[in-house]
Amino acid sequence: MSDTARSLVTIFAVLLGALTLAGGFIWVERRLLALFQERWGPNRLGPLGLFQGVADMIKIFMKEDWVPPFADKPVFVLAPMLIMVTTLASLAIIAFAPGLVVADLNIGVLFFLAMSSLGVYSVALAGWASNSKYALLGGMRAVAQMLSYEVFMGLSLMGVVMMAGSFRLTDIVAAQKSLWFCIPQLPGLAVFFIAGVAETHRSPLDLPEAENELVAGYHTEYSGMKFALFLLGEYVGMTVVSAMIVTLFFGGWAGPLLPPVVWFLVKTLFLMCLFIWLRASFPRPRYDQLMLFGWKVLLPVSLLNLAVTGAVLLVRGA
Amino acid sequence: MAELLWLIPALPFAGFLALALLGSRMPRPLVATIGAGTVGLSALAAIAASLALAGSAGAEEGITRTLWTWISVGGFAPAVALRLDALSAVMTLVVTIVGFLILLYSTEFMAGDEGYSRFFCCMDLFVGAMLTLVLADDLLLLYLGWEGVGLSSYLLIGFWYKAEANVRAARKAFIVTRVGDTAFALGLALIATQLGTLRIQEVAERAPLFWGAGSGMAVAAAALMLGGALGKSAQLPLQTWLPDAMAGPTPVSALIHAATMVTAGVYLIARMHALFLLAPVVMGATAVIGAATLLMAGLSALTQSDLKRALAYSTISQVGYMFLALGVGAWSAAIFHFMTHAFFKSLLFLAAGAVSMRLRGEHDMFRMGGLRRALPGAFWAFVIGAASLSALPMVTAGFYSKEMILERVWSSPRGAGWLWAAGLIGALITALYAFRMVFLVFFGEKRQETEGRSGARVMFPLAALAALSIGGGFVPMSRGTWEAHALPLTLAASLASLLGIAGAWFLFHRRRGMTERLAGSPAGALLRRFWAGGWGFDQAYDALLVRPFVRLTRASREEFADPYSKGVARTAGALHHLLSRTVTGQLRWYAMAIAAGTILLIGMAVFL
Amino acid sequence: METVFDISAVVAVVATLMVIAQSRAVHALLYLTVSLLAVAVVFFTLGAPFVAALEVIIYAGAIMVLFVFVIMMLNLGAEAARQERRWLTPADWFGPAILGAILLAEMVWVLASPQSAFPAPAANDPRAVGAALFGPYVLVADLAALVLLAGLVGAYHFGRRSAEAGEGEAP
Amino acid sequence: MNVPFQHALALAAALFAIGLTGVLMRRNIVFVLMSVEIMLNAAGLAFVAAGARWGQPDGQVMFLFILTMAAAEVSVGLALVLQFYHRFKTLATDAAGKMRG
């Protein structure tokens, strides 16, 4: 019974932590962007404007939860829920520290991929159910983009899996005791990072919601709580991708002196700041450029990485 | 050297492949080098191999090299095996040396032709196939070479394929020889099934054991072989294709239709003589056919106006001599005559080519004349060739070989006086028509101006072949012909030859007007037309075979088989209409039908 | 585990029934995805987690998304759903339903016939599947790759032809 | 981990029968394709169940092959559907009957 209680506690802690992190991170992003762009950012509410996020939350809760009459209602409602469900479910397999993991699955990496591939539905269905052309175009872009980048995402992880010899995340962390995989699997890391940006459709790869062309893309028709879910889902997704990168390439919780959880959070936060830095630095590519880059650069790179890793392992094993 | 026997046929084939694949892109000098060079190298290899054979201990036995086996089925294993013995060595040497000289001649003769590389390509293919035929130790391989020379002969007769007559001549040659080839193939099948082998040595060994002398099987096999030989060698009654085959370029006529391919039949019979000895009837037939052919073709040659056609009939006639020799069992005499004939006949053809080259392709003897001074080289070459052809006593190669044949025909137990008489009359006619050509072309008044000069590549082969036409008679093979009892025969043959030459001088030079009057008289004109047209064989075949066959096919096209085939079609149509009802174009019905059927089957499997 | 299996089996059957009964393609697709997820859970309970993950990643995550994509491209509206409803007359579904029922009855009949006792199913870890896939089945794996290539080429070809036809029709 | 083998197979059978019914009763090609997917998935389930029953990986390998085949089939099939819609402006399979000849 204590096992169940323990998992319940873990689930609660992870959920709370992740949601707080994601919510708080909206403030971090705004401040950081302001820093990059030499302006102040939110600095009025509370110390350093820390309560800005809370104020936004309250505002969004109070807004009218409006469903357009031309929309496909059940699907319209379902779509924002899906993104939350899939991203939060991904959190279940992430090992924050020894023992601090909701489900230490033996197919952890695959579970992550499965959840991220289900995430496509949210965007696609949102675009379709809105029944408006900007949303539809955004949804179609999202489907093509995410479906393509999922392929490279999965392939880039396989090098790590081969080196660790397991899909289980704790095994992978353990396998990096002597050397973090970011060194031998540098191409994999690069591909995974880019694919992660595309999967979470963060800027600069935010073509499904490119505001200068598609208004707001797939969530043009969304407002209120449902919009908040999309927003939050995006940030949780970013957190999950960063946590995965930390787990797979940067030795997970490993680190000197400080407790493992702290190390894990520090690394994850650093990577999330990298996401913001990217957003501040790069212009958005054209849609065809994005697809060409994926299929003509990332796919060969990840396949080559896979082949070389396999060959090295084979030689070393023999 | 014996190990490299395969090089002899392989070199021309290599040349053929190179020219076939890249010939159209090569510069002409390179084409000529490859085309003639491969055959030249092959000639060198043949000379080396023959020297090695002569020097080796088993010269009588010959050398055999098995390269690989085609198939092996139930003890029947036809092999790709080459064999070099005295017979095939002579053939190989003649084919490669004469072939090289003719190809050398062609490099200049064909210089202006657009199909330059195609010509050398086909010629190399021919030489390779001919060498395969000659060197084959297995009848199946021999047959392959046999068909190969037929193919290249077809390609080369129709070389100038833009004129319809040439194409028709090529087709005629192919179809007529096919009659003989079919007989040959049947003979092969008979031998393979009866004797269980196609190796020539084994056939020679087993035939006497399996079949008695004169037995039906032996006669049938020999007769079928003879049929093949008759087709290829243009003997009665399959001789009609050869005069038309002159449609090809002159070097082709010289090499294929004079020196080598047409004598393949002679070679075949000589090769298979063990089989023919078992069939005296066939031997007799061979002799009679040879005699009849030599007389008939000689008379035809006497009346031709086209120089090349006259030479073609002359070739038929001379091959008739060889068949006569074969028919009386004088194998070596036949081969000896083959060799000398190859020399002087290709010399005559090449000289004729040299003449027509200088006369813008003129072939009509009556439009030539007086070329003696204009073309001294060609004149002397032609005279030497004609002298050798008409067996000018003592000094020419042709005399020795023809004299040997006549002597054997007289003295052989299989020979007969009347065959000898036919041969003698033939010799007279030969001398007559040979010098008729000389006088018509080179003497008398000049009808046309010549242009240009022949180069060294034309003159050297003429000189070499002229030398061979004279000296070729002194090869060791001719030893032993000078026996005391043969002296009267020799005198008779010499007399016939000299008489023919003198007659030619009288009829076609001194008193030419009288001859023309004679030919112009009604009876003379009729006879002349009859002879010149090849004794009406073409017309007879056309009336007896071709037209009835065409009528038969026309008649059967719509009558016999139709009710059956149409009935089948009608039944299928009816069934189609029945079944087409089920083709609704509706996917769901198809799926439904499939599902229902599946469910029924599963139900039967489960519940029954 | 058996409870999980039973629940997901019921979910799968009900969702699948909804798939073929729906008139809106997207709704049907969503039910189909649910059905696939339920089957994935069934795989998990059968001791095949690797295949369960693949079912979600490839079947639900890629193949079904392709359907979504195509439906989005066709942009079928309410009119299409109404037409779909018109097509679904009882006369249309009664026959197939009977056939399907017979098939099911037959298969259940076969399953219900007495069988020998079962050993406890052993779990297959992904390693064993991989070893089998690239060991004895390597030729078939290559063939599957060829099939995928053929599918790729075919899809590209048909897609391009339609694009050309569209260009041709435009003026 | 002791799910009765027959139950898994019965589930597969049920899914297969439903898929077959869908193929037969729907006129919309998209639905027909979806029903085909149901049937394929049911077959895969049967394979995996059998593999689990005998403790062999072969069943899962077969499922992988079914998966690849399904992917290839769907990609070509959907491309055809698009083409079909462009040409006939409808998704009814019965319209394909016009393609005869």
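Residue numbers start from 1 in every chain, and the chains themselves are labelled A, B, ... in the order their sequence lines are given, proteins ahead of strands.
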(request) Heavy atoms only: give me the nearest M140(A)-M72(C) pair and the separation to one decimal. (result) N-CE, 3.4 Å
(message) For A60(C), is there any backbone N or O sitting under 3.5 Å from a side-chain donor or acceptor partner on Y121(A)?
(response) yes
(request) Please check if atom CZ in F193(A) has more than 12 non-hydrogen atoms from other residues, nucleotides or ligands closer than 6.0 Å. (result) yes
(request) To the nearest 0.5 angstrom, please state how far the CD1 atom of I58(C) sits from the OG atom of S117(A). (result) 9.0 Å
(message) Counting C-beta onward and ignoring hydrogens, is there a side-chain heavy-atom pair between L30(C) and L125(A) closer than 4.5 Å?
(response) yes
(request) Check the pair I71(C), W128(A) against side chain to side chain contact (heavy atoms under 4.5 Å, CB included), reporting the backbone distance first and the verdict last. (result) CA-CA 9 Å; I71(C) 290 168; W128(A) 186 81; 4.3 Å; yes
(request) Answer with side chain, backbone, both or neither: which region of L147(A) has an atom nearer than 4.5 Å to a non-hydrogen atom of chain C? (result) side chain
(request) For residues H27(C) and P74(A), report the shortest heavy-atom separation together with the two atoms involved. (result) CE1-CG, 4.0 Å
(request) Would you mind reporting whether L118(A) and L37(C) have side-chain heavy atoms less than 4.5 Å apart? (result) yes
(request) Could you label the plane-to-plane angle of the F50(C) and F167(A) rings as parallel, tilted or perpendicular, counting under 30° as parallel and over 60° as perpendicular? (result) parallel
(request) Look up atom CD1 in I57(C) and atom CG in L110(A), then write down how far apart they are to the nearest 0.5 Å. (result) 5.0 Å
(request) Counting only heavy atoms closer than 4.5 Å, note whether V68(C) contacts chain A via side chain, backbone, both or neither. (result) side chain
(message) Restricting to side chain to side chain contact (heavy atoms under 4.5 Å, CB included), what partner residues turn up for L17(C), sequence neighbours left out?
(response) V13(C), I18(D)
(message) Less than 4.5 Å to any heavy atom of chain C: does that hold for the side chain of L136(A), its backbone, both, or neither?
(response) both
